[in-house]
Structures are given as structure tokens and as C-alpha cells.
Amino acid sequence: MGADEENLSSSLVNFTKGEEQPKGCRDVWAGLLFYAQAIAIGVFCFWLGVPALTKTIDNSDQPGSSTSGYNVDMEGLMYVVMSTAACAFFVSSMSLFVMSCCPKILIELSLLLSLVVSLGVCIYSFIYSSVLGGVLGAIIFALSLCYACAVWRRIPFAAANLNTGLTALKKNFFIFIMAFIFVGITFAYTFMWMTATLGIFDANGVVDTETGDVTADSSVWLYFFFLLLALFWSEQVFQNTMHAITAGTVSTWWFVPDEASCCCSKAIMSSTVRATTGSFGSICFGSLLVAIIQTLRALVESLRGNDDVEGCAAFLLCLVSCILRCIEGMLEYFNKYAYIYVGMYGYSYLEAGKNVMRLFKSKGWTVIVNDDLISNVLALFNLVIGCLTGFFGLLMYETYPQWFESFPDQTSAQMAAFGVVESSVNTVIVCFAEGPAEFEQNHPELSEDMREGWRKVYPEECGF
């Protein structure tokens, strides 16, 4: 037993860098299972969903129907979709430029904004005689102030990290186009899933497409589970595939900049091929674990919304929901770094997660990777861009109100762009742990900024 512990300790200390894996498919079973569910959803969409959707539309045109007279200007709706998406894309692109110009100021601003908001809630509650709200606001403000004071010294390194990640992305700008392509794929799959769900429910008598009545029996929960699992799994797969593509591209820029220094670089293409072929099964494996937890939590939340659930049962459901949320958070945290190694080297899912955590442990970085300063900046920009896009939509509504009988949500546009930024920043952390020397050689100015920030924030962990 002592020898095993010694070997494990030695492996942790000696592990310094991942290795390129031989070409081949890993976690094949998960990839095949994902394709099977996608094909099944497609078959149900056209076999059952399209006829049910057609019947629903025909019934809505009948006099006396609850949906009769409801018409959506599809041409106008298309204009709204395209224009607001273009607005979100333009503002997201401009925000990347702003972030690269003053990352340190933006990180400081995001911290100060959280303090202002919590203080504002506290004051507002006391003004309107809400003592409980005021006390909670004061507690949140105190906690936010303590957090800001604790992490303020980490801002220089976080700013250098953000600037490095953005520089890598600007050199490979087509990766943002890839992100929007995946958003389109997600929208297409979601529409197909909704149509298939309508068809399955109609064929099994769960939903009557003529009256809209829902049959509530035990079989409904079985339908809900598998359909929600398919939806959550697919969304996770599309999101994590983009994460792995970004990781592969940024790591190539880090170690072999000649292959990742143009808009549509070789690194983007090779990373895309790897993520959608050999490593696709690994992506599906980790995504399935998160999707199962999300599905269970959705069902628990649905049960909690039932008026008949109260007392001890309500408390137990709340407890289960909290536990599932914690498990989901831990899995997503594990996946965030596991998929970086999947995208960089082509490891299997479990091996990738194990190796990247070994890397951090060998460097003594188990606390460092918990920093969340950059996500605050991304959340701030998400809020700003959402408001600007909403304002643009409001202007269009004042001009063409008939287009807005069904208004689309365009938050996915900026979320896709900032998801790429977050993936890039996390990859930079991993690459900085693996290859500071290569970074110094290939990108000396950026390397000096990160080293200087590192010396100020983590002097004990600093090895240079």
C-alpha cells in the first residue's frame, strides 16, 4: 500500500504535460448512442410530428378555435430574427475589442458593480420598509465587499489571462463564426425536438392537438424523462464540442503559432475534425452525465410546482433539487477542464479529466483555478449586450409592431461569443501550466504580462 501511495505521489509530481494521442475514436459507445437518439428524434419528427403539427395548424384556422385568428407575419418575423441577430453579432464583436483594450479596468468595474447593486437593493428595501429584504441586502453587500477585497490583488493576472485569450481568438477569428454555426445547429435540433415531442404526445394521447388537453398519468413522466434527456444531452454536446474546438485552436496558437495565426487557420480545421470525429464520443460521454442530472432536476422542479406537494414531501424535493444542483455544478467544473485536454491531445473523457487535474496538483494550482473574476466580466457584457439588443428590438417594435406577435430570443448570439472567450481563457490557464517556456518564446510580450501578474498574485507558486 505504501509503495502504491509513493508511486501515485511521484506521478503527480512528475506529470508536467499531456501527450498527443494516437489517431482513433474514443468512448465510441457514447457517440453511437448520441447518433441513435438524434436519428430517433428525426424519425419521430417527420413520422409523427409533422402530421400532428399540420393538424394543430389546421385546427387553429377553424372558427371558434382558441387559436383562430392568430397569424404570425413570417416574413416580418424573419426580418426581426436576422436584424436582432446581426445587432447582437456586431455588438459582441465590438465588445471583444473593448475587452482587449482595457481588461483590468473591466474586471475592477465588474467587481464594483456587484457592490453597487447589492448596496442599492439594501437601501431600496429599507426605504420601502422591507426589513427582511434590507437585512439580506446588507448581508449580500458585506459578503460581496469581503470577496472584492480578497480577490482584488488577483486582478493583474486575470487581466493578462483575459488579454491573452482574446489575442488568440482575434488571430483565429473564424472560430466565432463556428460558434454561431453551432447556435444554428442547436436551434434546428430544438425545433425538430419540439415537433417530435408534439407528435409523440399526440400519438400516445398525452396531448390532444384539437383541444390542447393534457393527460396526466404515470406514462407522461416516462415520456418527459427520455425527451428531456435527449434535449439536454444534445445541447450539452453542441456546447462542449465548441469548447473542445476552441481549446485545440488556442493550444495550437500557444505552442505552434504558425498554424494558428490567420482568420481561418489550419488549427481551427484540425481541431474541428478532431472534436467531431475521434473525440466526439468523449464529448458525448461527459455531456450525458450532466444531461442525466439536468433531466432529474427538471423533473424534481416540475414535481415541486405541483400544488398537491406540501409539507415533508416538499422539503424532501427541495433537498433533492439542491443535491442535484451541486452534483451538476461539480460535473460541469470537471468537464470544463477535461474537454480542454480532449481538444488539445485527443484523450478519452475520463483520462483527460484525470490528467488535467494531475497537472494542476503537480503545480500546486488547486486554488488558482477557482478564480472566477473573468466570468464576472463576461456576465457584465452579456447584460449590456442583452439590453442593447432589447433596445434595438423595441425600436423595431415601434416601427413594425405586427412583426412582434412572436418575438425570438437572441441572447444565444452573445452567449455563444462569450462562451468561446471563456473556453479560450480556461485553455490559456492549462497551457500556462504546461508550457510557460514555449509561451515566452512564441509570444514574449504577452508572456511577460502574465509572468508579471503571476509574480504579484502568487509569489509562492511562482517558478520564474
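Hydrogens, waters and symmetry mates play no part in the numbers below; they use all other heavy atoms, side chains included.
- Residues Ser348 and Gln21 fail the side-chain proximity criterion, which asks for heavy atoms closer than 4.5 Å.
- Using a 4.5 Å heavy-atom threshold, the side chains of Cys431 and Phe255 count as touching.
- A salt bridge between Glu351 and Arg26 is absent, with no side-chain N of the basic residue lying under 4.0 Å from a carboxylate O of the acidic one.
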Validation: residues 323-331 side-chain donor-acceptor distances under 3.5 Å, sequence neighbours left out:
from   : atom 1 : to     : atom 2 : distance (Å)
Glu328 : OE1    : Arg297 : NE     : 2.9
Glu328 : OE1    : Arg297 : NH2    : 3.1
Glu328 : OE2    : Gln294 : NE2    : 3.3

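- Of the N and O atoms on the side chains of Ser287 and Asn240, at least one donor lies less than 3.5 Å from an acceptor on the other residue.
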Only pairs under 3.5 Å count here: list side-chain donor-acceptor contacts from residues 157-171, not counting sequence neighbours, and write none if there are none.
from   : atom 1 : to     : atom 2 : distance (Å)
Thr164 : OG1    : Ala160 : O      : 2.8
Thr167 : OG1    : Asn163 : O      : 2.7
Lys170 : NZ     : Ser100 : OG     : 3.3

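- Checked options Thr197, Thr295, Leu222; the residue passing with Leu227 is Thr197 (criterion: side-chain contact (heavy atoms from CB on, under 4.5 Å)).
- Distance alone, capped at 3.5 Å, places no donor-acceptor pair between the Trp254 side chain and the Val428 backbone.
- Nearest heavy atom pair, residue Ala338 against residue Val356, reads N-CG1, 4.2 Å.
- Residues forming a side-chain hydrogen bond (donor to acceptor under 3.5 Å, both in side chains) with Glu332 (at least two apart in sequence, or on another chain): none.
- Judged by distance alone, the side chains of Glu422 and Ser375 never bring a donor and an acceptor atom under 3.5 Å apart.
- Within the 4.5 Å cutoff, no side-chain heavy atoms of Met450 are placed close to those of Trp454.
- Phe182 and Tyr189 have their aromatic ring centers separated by at least 6.0 angstrom.
- With 3.5 Å as the limit, one finds a donor-acceptor pair spanning the side chains of Ser234 and Gln37.
- Looking only at atom types and distance, the side chain of Asp27 has a donor-acceptor partner in the side chain of Ser282 under 3.5 Å away.
- Side-chain contact check for His443 versus Trp253: some heavy-atom pair is nearer than 4.5 Å.
- A side-chain donor-acceptor contact under 3.5 Å links Thr246 to the backbone of Met242.
- Shortest non-hydrogen contact noted between Ala275 and Ile245 is CB-CG1, 3.7 Å.
- Put simply, the side chain of Ser271 never gets that close to the backbone of Ile268: no donor and acceptor are under 3.5 Å apart.
- The shortest non-hydrogen separation linking Tyr345 to Glu19 is CB-O, 3.3 Å.
- Within 6.0 Å of CD in Glu20 there are more than 12 heavy atoms belonging to other residues, nucleotides or ligands.
- Panel note: side chain Glu434, backbone Gly18; a donor-acceptor pair is recorded below 3.5 Å.
- Taking a 6.0 Å sphere around CE of Met192, one finds it holds more than 12 heavy atoms contributed by other residues, nucleotides or ligands.
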